Amino acid sequence: MTDIPEEEVASRPVGMAILLGLLTGCLSHELFLSYAPEYLWFSVAAFIPGFYFLRIWIKGKLKSMNVIESDDLTISRKLGGRVSYSESFANVCTLVFSVCFLIITLGGNLIAISFPEESASIFDLIDLVDRVVL
């Protein structure tokens with residue numbers, strides 16, 4: 001186990017959490033829009049499997065960075081009023097995943113309600129952006 005000193009601030013690579021949040025949000029929105037448009041708001045339930053995939057990635061990332069802490073060290077840090085790096089990393093990744101997932105899913109659902117069904121797909125929005133930019 002590698003312990004990061006209090007003075008040193010380690011980076012928190014959260015790019016994969018962003019990507020996982022965006023992909024999970026897009027897939028859940030698209031699947032419910034295509035196969036069960038009357039239950040569109042249930043696409044938010046895809047948060048649960050996405051969260052478990054995120055936890056698996058976090059544990060793997062922390063192992064690769066050699067910052068896995070024992071339960072005793074984590075408890076002693078909590079009693080001392082400090083947050084461990086692994087706990088802080090997990091909190092930041094969870095927050096970023098949640099924000100990206102909810103923006104995509106809720107935004108897609110609101111677009112599906114506001115506009116005709118043909119234009120509510122994420123892929124149609126990407127095509128629209130391409131037309132406007134070009």
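Residue numbers run from 1 in the order of the sequence given. The shown structure was predicted, so the numbers you read here are calculated from the model rather than taken from an experiment.
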Closest contact, heavy atoms only, Leu20 versus Gly50:
CD2-O, 3.9 Å

Minimum side-chain heavy-atom gap Thr94-Arg55 below 4.5 Å
no

Side-chain touch Ser98/Phe47, heavy atoms, less than 4.5 angstrom
yes

Plane angle bin for Tyr39 and Phe42 - parallel if under 30°, tilted between 30 and 60°, otherwise perpendicular:
tilted

When rounded to the nearest 0.5 angstrom, what distance separates CG in Leu22 from CG in Leu27?
11.0 Å

Polar side-chain atom of Ser64 near backbone of Lys61 as donor-acceptor pair, under 3.5 Å:
yes

Any side-chain to backbone donor/acceptor pair from Thr24 onto Gly21? Under 3.5 Å, distance only.
no

Tell me the closest heavy-atom pair linking Ile104 and Cys26, and the distance in Å.
CG2-N, 3.4 Å

Counting the benzene-type ring for Trp, do Phe51 and Phe101 have ring centres under 6.0 Å apart?
no

List the atom of Cys93, the atom of Leu54, and the distance in Å for their closest heavy-atom pair.
O-CD2, 3.7 Å

Taking the side chain as everything from C-beta on, heavy atoms only, tell me whether Phe32 gets closer than 4.5 Å to Val44.
no

How close do Gly25 and Thr105 get, counting heavy atoms only, and between which atoms?
CA-OG1, 3.4 Å

Pairing residues for Phe53 by the ring-ring contact (aromatic ring centres under 6.0 Å, His included) criterion, not counting sequence neighbours
none

Could you list the residues that satisfy side-chain hydrogen bond (donor to acceptor under 3.5 Å, both in side chains) with Ser43, not counting sequence neighbours?
Asn109

